[in-house]
Amino acid sequence: MSKLLKHLKPGITQETRLEKIHNVIFDNSKIGSKAVAREIADLIKYKQSKNQKCILSLATGSSPITVYEELINIHKKEGLSFKNVVTFNLDEYYPISPNNAESYHTFMYENLFNYVDIDDNNVNIPRGDLKKNEIEKYCKNYEEKIEKLGGIDFQLLGIGRTGHIGFNEPGSSRNSITRLIKLDYLTRQDASKAFGGIYNVPKTAITMGVSTILKAKRIILLAWGENKKDVVFESIESEITQNITASFLQKHKNSTFVLDKVSSSQLTRIESPWLVDGNVKWDLNTKTRAVTWLCKKTNKSILRLSLRDYIQNHLSELAANQSIHDLNIEVFNRVQRTITGWPGGKPNSDDTYRPERAKPEKKKVIIFSPHPDDDVISMGGTFQRLVDHGHDVHVVYQTSGNIAVSNDSVLKFLEVYSDVFYVNDNFINSAKNKLLDSNEIFDDKFIREVATKIREKEALAATRYVGLNDKNVHFLRLPFYESGKIVKNKTSKNDIDLMNQIISKIKPHQIYAAGDLADPHGTHAVCIKLLFQSLNKLKKEKFMNNCWVWLYRGAWHEWEINEIDMAVPLSPQQVLKKRKSIFFHKSQNNTVMFQGDDKREFWERVEERNRDLAKQYRNLGMADYQAMETFRRYHFK
Ligand code: F6R
C-alpha cells in the first residue's frame, strides 16, 4: 500500500471531518514531490516483478517538475528502469507543433523522457499538429489505446486555478472523454508568461476527459503554493461541482491530494482548527489567530468580544483556563505592541515591548530588493522613516530586473541616444529594427544591458528622492537572473558569494528582505533562499549577533495578523510620498510586463493593501491609521 495513504483518512478523524478527499500536507513541495516519486517508482518495480507493463498518465506544468527530477535521480542512482512503462499524457495545446518550445511534447522530453530509458514507442502525448477533422477520431483512438492496455495504473495531476484537472475547464461533465476543449482565460493567462504574452497562448487544447481520469486505479494530485489554496479548499471541502472539475475526485476511491503548507492553508483544520479539532495547542500565536478570526466573524473589536461570542463560535475551550477579559487583553497587547513609528528602534526609550531595540541609536540597515522597485513598493514608507531617522540605510538590488523592461522602453532610449548624439551605426540600427519588429524578449546582450541600465537609473532616481546617497545603493546583478530569458539559470556559488560579500561589507544591524516564501518559482523566492543560505554561512561572524532580519511581503500577498511582528503606520502624506517614489520606476508603470491577472498597477495594489491592513488593525480596536506596512521577524539562529 502507498505510504501516503497511511496519513489521516478524510471525513473520519475529527480534524478531517469536513474533508472529502484524502490529502497529505508536506512542509514544502520538494519533500512532497520526493514522496510521490517514490510511490511511482515502487509501482514501476512492483509491475516489473509481475512482468507487467506499468501504465502511467502524466501531467505537465510547474507542479510535477520536481517529481520528474526525483524519478530521474532514482533512475540514475538506483537503476530504476522505465522499460516496462507506457505513458499517456493528459493534454496538449492545440494547435501547436510538437517541436515548439512550449509544447507539452517538448516539456515531457526535457523534463523526463530524455533522461530515462523509456522506449519512445511507449510514449503517448496528444498531438497538437492534427488537422481539425482528424481530432475526433484521434481522441477516440487515444481512449481505446488506454483501455486495451488495461487502463491507467497511476494518474498524476496538477490543478489549475480554475480548478481544472487535465484541461477540463469549468463546465466539463463527469462523463467527458478525450476531446478538444476551449481554454479558460485564466488558464491562458497563467500560461502567458511562458508564451511571452497571452496572445501567443493557444486558445484550445486536447485533453483527456474527467471520466478518462476517474477510471485510473490510483490518482495523485499535486498542488503547491498560494495560487492553489482556494481551489484546493473548494475541491476538498465543498460539494462536487462541474465548475471545479477537481471536485469530481471526491468520488474516486483511491485518490490523494499532495499539498504543501501554503496550498493547504485554507482547509478548515489548518485555517480554523478549533472548528474541527478538540486538541488545539493554545499558545499566544494560536490565540491571536483565533481571536482575530472571531473579530472578523462577529464584526467586533478584540476588547468587545464577550464570553457568549466565544461560546457561540466553537471557542469555548479558550475560556476554560483563562478569563475572557484577560484573554482579550493579552491578545490586544500582542497586536498593539507590533505598531511602531520607529522601525529602527526608538532612541532613549524602554524597548521591552517594542518590536526593535533602542540601541544602537543609529543602525546600519540593508534593504534587499529582489527587483529594482520592490524596496519602495513594499516598504517605501518604512524606508523613508529609516532615512529620516538618520540610520545608515543601504539598498541592495539583487537582480537587474531587465526582463521586465518592454521593447518600447528600450527602443525609446536608443532613439533618444542616436538622435541626440547622431549615432547611426549598424549596431544601433540593427537593435532598433529588431525592437521595432517584434514583441519577443530578446536574448541579446546589448538590448538587455540597456534594459538593465534603465532600471538602475530609475532606481537611483527613486532612492535619491527618498534621500539616499548614491554610494549607499548597490546593484548585485545576481548571475542566476541573467539568462536573457524568462526561465532563469540555476543558482550557483557566485550568487551566494555576492550576497555574502555585501552583508560582510556593511555589517548591518537590520536586514529587510522580501519574504515571499509562498511563491514556488518566482525571483522573490530564489532571492530569499539565497539570503537564507547566506545568513546560514555568516551566522558565526561576530557582527551577526547584532543583526535582526525583517521580512516584508512583495506586491502580491500580505501577512496574517498573527504573523506580524512590526507594523509601521503611514500618514496620508507619507502614502503620497511613497506613491511618488514608486512612480520613478517608469518602465514598470502603465506597461507592467508580467502583471498576472491583477490589472491594477503596483502602486494601486500596494496602496490598497496598506490601507486594508490599517483597516484590519482598526477593526481589531487599534488606532485608526491611513495605511500600514508590516514585517515579520526571521530568527536565523
Ligand atoms: C497539465 C495539466 C494542467 C496543469 C494545471 C496546473 O498537463 O493538465 O491541468 O496541471 O494547469 O499547472 P501548474 O502545475 O503549472 O500550476
Side-chain angles (χ1 to χ4, degrees), residues 29-30 32-33 36 56-69 87-94 96 98 102-113 123-128 142 152 154-172 176 178-195 198 201-202 204-210 212-214 216 219-232 234-235 244-249 255 257-260 262-263 486-487 518-522 525 596-597:
S29 57
K30 182 140 196 182
S33 299
V36 175
L56 302 180
S57 172
L58 300 176
T60 52
S62 59
S63 310
I65 289 178
T66 314
V67 173
Y68 297 148
E69 269 173 26
T87 62
F88 287 86
N89 260 78
L90 276 165
D91 40 22
E92 176 61 286
Y93 292 110
Y94 182 86
I96 201 163
E102 299 313 325
S103 79
Y104 285 166
H105 275 79
T106 308
F107 177 98
M108 286 311 299
Y109 279 92
E110 284 185 353
N111 287 287
L112 181 64
F113 299 150
V123 169
N124 301 280
I125 307 174
R127 291 197 68 100
Y142 205 73
I152 293 161
F154 182 100
Q155 171 72 63
L156 189 62
L157 294 174
I159 182 168
R161 276 196 299 154
T162 58
H164 68 214
I165 45 176
F167 273 140
N168 292 289
E169 297 289 23
S172 300
S176 53
T178 307
R179 69 209 185 283
L180 185 71
I181 190 160
K182 184 170 181 286
L183 294 175
D184 254 44
Y185 188 74
L186 197 58
T187 301
R188 292 180 64 229
Q189 214 161 41
D190 283 344
S192 66
K193 198 167 165 187
F195 280 88
I198 189 158
V201 182
T204 50
I206 294 178
T207 181
M208 276 158 86
V210 176
T212 328
I213 293 171
L214 289 178
I219 300 179
I220 286 189
L221 182 147
L222 312 166
W224 318 124
E226 187 81 29
N227 278 342
K228 305 293 167 71
K229 64 183 192 196
D230 294 337
V231 275
V232 163
E234 294 288 340
S235 313
I244 295 186
T245 51
S247 67
F248 285 120
L249 295 171
S255 62
F257 275 31
V258 173
L259 310 172
D260 63 10
V262 184
S263 64
I486 293 168
V487 179
D519 171 6
H521 299 290
D597 54 329

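From a predicted model like this one, the values you see are computed outputs, not experimental measurements. Just follow the structure's listing: the first ligand is 1, and inside any ligand the first atom is 1.
Every residue two or more places apart in sequence or in another chain that forms a ring-ring contact (aromatic ring centres under 6.0 Å, His included) with His164 is listed here: Phe167. By the ring-ring contact (aromatic ring centres under 6.0 Å, His included) test, Tyr142 pairs with Phe88, sequence neighbours left out.
Looking only at heavy atoms of the protein, atom 6 (C) of ligand 1 is closest to Ile159 O, 3.3 Å. For atom 16 (O) of ligand 1, the closest non-hydrogen atom of the protein is Lys228 NZ, 2.5 Å. Protein heavy atom nearest atom 10 (O) of ligand 1, with residue, atom name and distance: Gly158 CA, 3.2 Å. Nearest to atom 8 (O) of ligand 1 among the protein's heavy atoms is Asp91 OD2, 2.5 Å. Looking from atom 15 (O) of ligand 1 to the surrounding protein, the closest heavy atom is Ser62 N, 2.7 Å. At the shortest separation from atom 1 (C) of ligand 1 among protein heavy atoms lies Thr60 OG1, 3.1 Å.
Taking every heavy atom of Leu90 and a limit of under 4.0 angstrom, the matching atoms of ligand 1 come to 8 (O). Under a 4.0 Å criterion applied to the non-hydrogen atoms of Ala59, ligand 1 contributes the atoms 7 (O). Atoms of ligand 1 found under 4.0 Å from any heavy atom of His164 (numbered from 1 in listed order, with element): 3 (C), 5 (C), 9 (O), 11 (O).
Distances from atom 14 (O) of ligand 1 to the heavy atoms of Ser63, Pro64, Gly163, Gly61 put Ser63 nearest.
Across all non-hydrogen atoms, the minimal contact from Met208 to Asn168 is O-ND2, 2.9 Å. Smallest separation of non-hydrogen atoms from Ser103 and Glu92: CB-OE2, 3.6 Å.
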Original post:
Checking side-chain hydrogen bond (donor to acceptor under 3.5 Å, both in side chains) for the pair Thr212/Arg179: CA distance, chi angles, key distance, verdict?
Top reply: CA-CA 11 Å; Thr212 328; Arg179 69 209 185 283; over 6 Å; no

Subject >> Stepwise side chain to side chain contact (heavy atoms under 4.5 Å, CB included) test for Ile219 and Leu157 >> reply: CA-CA 7 Å; Ile219 300 179; Leu157 294 174; 3.6 Å; yes

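Asp260 places no side-chain N or O within 3.5 Å of a backbone atom of Ser29 that could act as its donor or acceptor partner. Checking side-chain atoms of Thr207 against main-chain N and O of Asp91 turns up no donor-acceptor pair under 3.5 Å.
Between Tyr104 and Ile206 the shortest side-chain heavy-atom distance does not fall below 4.5 Å.
In this structure, Arg161 does not count as a contact residue of ligand 1, since none of its heavy atoms falls inside 4.0 Å of the ligand.
Between Tyr104 and ligand 1, no pair of N/O atoms sits closer than 3.5 Å. For ligand 1, one of its N or O atoms has an N or O atom of Gly166 under 3.5 Å away.
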